[in-house]
Amino acid sequence: MSADTAEVAFVGGPVATMDAARSFSDAVAVRGGRITAVGRSAVRERVGPATDVVELRGRLLLPGFHDAHAHPVYGGLERLRCDLTGAEDARECLRLIAEHVRARPGPGWVLGGGWDMGWFPGGTPSRWDLDRITGDRPAYLLNRDHHGAWVNSAALRLAGIDRDTPDPADGRIERDADGHPSGVLHEGATRLLTPALAPTSPQEYLAGLLEGQRHLRERGVTMWHDAIVGPYLGYDDTLETYLAADSRGLLTGKVRGALWWDRDRGTGQLDGLRQRRRARGRHFRADAVKIMQDGVCENCTAAMLLPYLGSRGSGLSFVDSAELAAAVRELDAEGFQLHFHAIGDRAVRDVLDALAGARDRNGANDLRHQIAHVQVVHPSDIPRFHELRVTAVVQALWAVNDAAMTELTVPRLGHRRAGWQYPFRSLRAAGAVLAAGSDWPVSEADPMLAVHAAVNRREPGSDAEPFLPEQGIDLVDALAAYTAGSAWVNHLDAETGSIEVGKAADLVVLDRDPFAEPAAEIGDALVDLTMVDGVVVHER
């Protein structure tokens with residue numbers, strides 16, 4: 001094989017390059033883990049007797065998907081534990097818990113998660129339903145959005161949580177009419193139970209990471225950004241898990257991480273963050289810091305400018321606005337990229353204000369700060385994303401009329417504010433960079449399901465009314481957010497995220513060309529092949 005001969009050539013199908021012009025081509029050659037030619041004539045010259053020629057037969061070739069906001073260790077552990085993500089309602093959820101308990105008898109904790117608030121009246125299941133299944137075994141089951149946990153009476157007893165336990169400042173204990181804990185711990189209230197949890201071993205964390213990686217590869221994800229590298233919701237810090245996997249050659253592709261900002265420690269934690277940033281491997285590095293500014297709308301903990309309907313307050317700001325501004329200035333000056341969780345319009349505004357203050361103090365830079373989720377954005381704040389060069393990291397699967405939206409969120413926001421949700425088209429039109437992430441296991445990891453929702457504003461196969469369809473974006477923009485946009489925000493755009501000569505051969509073959517089919521069928525697309533650095537890591 002000569003020095004120019006391709007090891008692999010993809011021919012006979014459309015190629016969406018996701019380059020700056022969003023151009024299309026018809027063939028790609030790969031050698032040494034790199035893209036060596038694009039276009040039929042250039043590729044033909046590099047095909048030799050030893051070249052593995054992949055006939056696309058009309059299937060679409062894309063850059064590998066980049067998940068800009070995910071939690072693969074958590075997702076992998078949930079799949080290995082009591083996995084409730086496959087349920088569709090409360091009855092099926094309880095059935096899956098009962099099956100898990102029967103299959104794993106003994107006195108140990110029942111751990112897992114994935115239940116949906118929309119399955120239960122008011123969004124809150126009861127400890128009594130869980131008691132009937134688990135008996136005296138303590139149970140701790142995270143909800144799908146990972147902002148709360150369902151616990152049984154045994155778990156509450158072990159943690160010493162009772163009627164007299166006050167709500168923490170950053171959370172809430174759900175209670176019955178007499179004030180007794182009823183079985184759900186919201187946000188920071190989960191930390192009251194953390195000391196009682198059975199420890200998870202390093203081997204279990206590694207198994208969770210590898211299962212998460214396998215799951216993502218099957219869905220065409222070649223790079224991800226782990227949005228919490230630190231202790232959270234009873235999980236330990238996963239930095240050592242990533243470094244161990246990388247050092248053993250088990251971590252494939254490119255992985256970026258966001259170091260967790262402890263909202264109780266302020267800027268006193270900077271020295272520790274500097275040290276942790278220096279710990280990196282061949283495929284993994286954590287140059288970002290994650291600040292969770294608020295909760296979620298479903299349980300009224302997202303921070304809103306005006307109160308929720310029904311005397312539920314205006315949500316929680318986990319970091320005071322003045323403290324946030326000071327922290328952002330320091331972190332920006334230290335060269336940390338900032339990755340924010342902001343759901344409510346007050347949280348989004350506080351973050352934008354803090355970033356504006358950092359720019360005024362430190363000057364402009366290319367750190368590519370980002371705000372994830374951007375659920376409720378006041379219209380006056382939309383242009384500020386472009387003005388401040390802040391990337392919107394969107395979770396498009398949430399922008400649909402599901403039970404959480406129709407039964408919990410819209411009634412608590414009111415119709416006017418509900419109309420400000422997930423403004424993808426408005427952000428794009430204002431010049432903001434869009435990146436995309438699944439937030440898996442909060443929602444499905446499959447990028448094509450999210451791309452479908454971004455375009456159609458409804459779940460695949462759903463006959464529900466589209467949710468604010470005027471905020472839907474074009475297919476090419478949705479795919480770009482999951483490839484070039486996510487690569488850019490993670491400083492990987494020179495290396496990957498588009499199909500161009502010299503870039504890494506991180507590629508995905510779908511089983512069809514969604515550009516040639518009705519928009520209503522985008523979510524039906526499956527991944528036939530995933531390639532990372534020229535190596536096939538999944539083939540259907």
Side-chain angles (χ1 to χ4, degrees), residues 74 78 81-85 87 89-94 96-98 100-101 109-135 137-197 232-235 292 294-302 308 310-313 315-316 318 343 402-404 407-409 411-412 441-442:
Y74 303 167
E78 273 189 13
R81 292 173 168 176
C82 183
D83 184 6
L84 305 176
T85 56
D89 55 29
R91 179 178 296 181
E92 191 172 2
C93 175
L94 292 167
L96 289 174
I97 297 170
H100 177 86
V101 170
W109 278 80
V110 179
L111 300 173
W115 56 274
D116 193 307
M117 293 177 69
W119 297 339
F120 301 93
T124 55
S126 77
R127 62 182 168 98
W128 301 282
D129 285 340
L130 202 49
D131 289 348
R132 282 191 285 271
I133 297 170
T134 57
R137 290 180 65 180
Y140 178 80
L141 301 170
L142 297 172
N143 67 1
R144 183 165 290 183
D145 64 23
H146 280 217
H147 285 264
W150 182 11
V151 296
N152 65 359
S153 298
L156 291 167
R157 283 196 302 272
L158 280 174
I161 301 172
D162 58 24
R163 180 178 180 176
D164 298 323
T165 304
D167 288 347
D170 62 347
R172 186 175 79 248
I173 301 169
E174 199 72 33
R175 302 174 190 270
D176 63 19
D178 295 322
H180 297 284
S182 61
V184 173
L185 306 176
H186 298 288
E187 304 294 347
T190 59
R191 293 194 285 175
L192 300 173
L193 193 135
T194 299
L197 285 173
Y232 179 65
L233 278 182
Y235 293 114
M292 185 175 286
D294 68 344
V296 294
C297 290
E298 297 95 305
N299 64 12
C300 300
T301 58
Y308 291 94
S311 301
R312 295 175 179 270
L316 300 174
F318 293 145
I343 292 277
D402 59 5
E407 302 298 322
L408 299 174
T409 300
R412 292 170 179 178
V442 174

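These numbers come from the heavy atoms of this one structure, side chains and all, not from hydrogens, waters or symmetry mates.
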How far apart are the closest heavy atoms of [X] and [Y], and which atoms are they?
X: Leu193; Y: Ala159; answer: CA-CB, 3.9 Å
X: Pro441; Y: Glu78; answer: CB-OE1, 3.7 Å
X: Asp116; Y: Arg144; answer: OD2-NH1, 4.1 Å
X: Val296; Y: Glu187; answer: N-OE2, 3.9 Å
X: Ser153; Y: Arg127; answer: OG-NH1, 2.7 Å
X: Ala139; Y: Leu130; answer: CB-CD2, 3.9 Å

Among residues at least two apart in sequence or on other chains, which ones pass side chain to side chain donor-acceptor pair (under 3.5 Å) with [X]?
X: Thr409; value: none
X: Arg172; value: Glu174, His186
X: Thr124; value: none

ask   = How would you list, by chain and number, every residue that makes a side chain to side chain contact (heavy atoms under 4.5 Å, CB included) with Asp83, sequence neighbours excluded?
value = Arg79, Thr85

task = Carefully, step by step, assess His100 and Ile97 under the rule side chain to side chain contact (heavy atoms under 4.5 Å, CB included).
result = CA-CA 5 Å; His100 177 86; Ile97 297 170; 5.7 Å; no

Would you give the length of the straight line joining atom [atom1] of [X] to atom [atom2] of [Y], rounded to the nearest 0.5 angstrom?
X: Asp129; Y: Cys93; atom1: CG; atom2: SG; answer: 10.0 Å
X: Thr301; Y: Ile343; atom1: OG1; atom2: CD1; answer: 9.0 Å
X: Leu142; Y: Cys82; atom1: CG; atom2: SG; answer: 11.0 Å
X: Leu156; Y: His180; atom1: CG; atom2: NE2; answer: 12.0 Å
X: Ile173; Y: Thr190; atom1: CD1; atom2: OG1; answer: 10.5 Å
X: Ser182; Y: Asp176; atom1: OG; atom2: CG; answer: 6.5 Å

ring-ring contact (aromatic ring centres under 6.0 Å, His included) contacts touching residues 147-171 (sequence neighbours left out) = Trp115-Trp150, Phe120-Trp150, His147-His341

key: Within-4.5 Å side-chain heavy-atom neighbours: Arg191 and Asp170   =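 Yes. Closest side-chain heavy atoms under 4.5 Å.
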
key: From CA spacing to verdict: side chain to side chain contact (heavy atoms under 4.5 Å, CB included), Arg412, Cys297   = CA-CA 8 Å; Arg412 292 170 179 178; Cys297 290; over 6 Å; no

request  = Using the side chain to side chain contact (heavy atoms under 4.5 Å, CB included) rule, take Val110 and Asn152 through it: C-alpha gap first, then chi angles, then the decisive distance, then the call.
outcome  = CA-CA 10 Å; Val110 179; Asn152 65 359; over 6 Å; no

message = Go through it in stages, so that I can follow the logic: the residues are Tyr140 and Leu158, the test is side chain to side chain contact (heavy atoms under 4.5 Å, CB included), and I'd like the CA-CA distance, side-chain angles, deciding distance and then a yes or no.
response = CA-CA 12 Å; Tyr140 178 80; Leu158 280 174; over 6 Å; no

query = Do the rings of Tyr74 and Tyr235 sit parallel, tilted or perpendicular, given the 30° and 60° boundaries?
reply =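 Rings of Tyr74 and Tyr235: parallel, as their planes differ by under 30°.
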
key: Pair listing, salt bridge (Lys or Arg N to Asp or Glu O under 4.0 Å) test, anchored in residues 148-161, at least two apart   = none

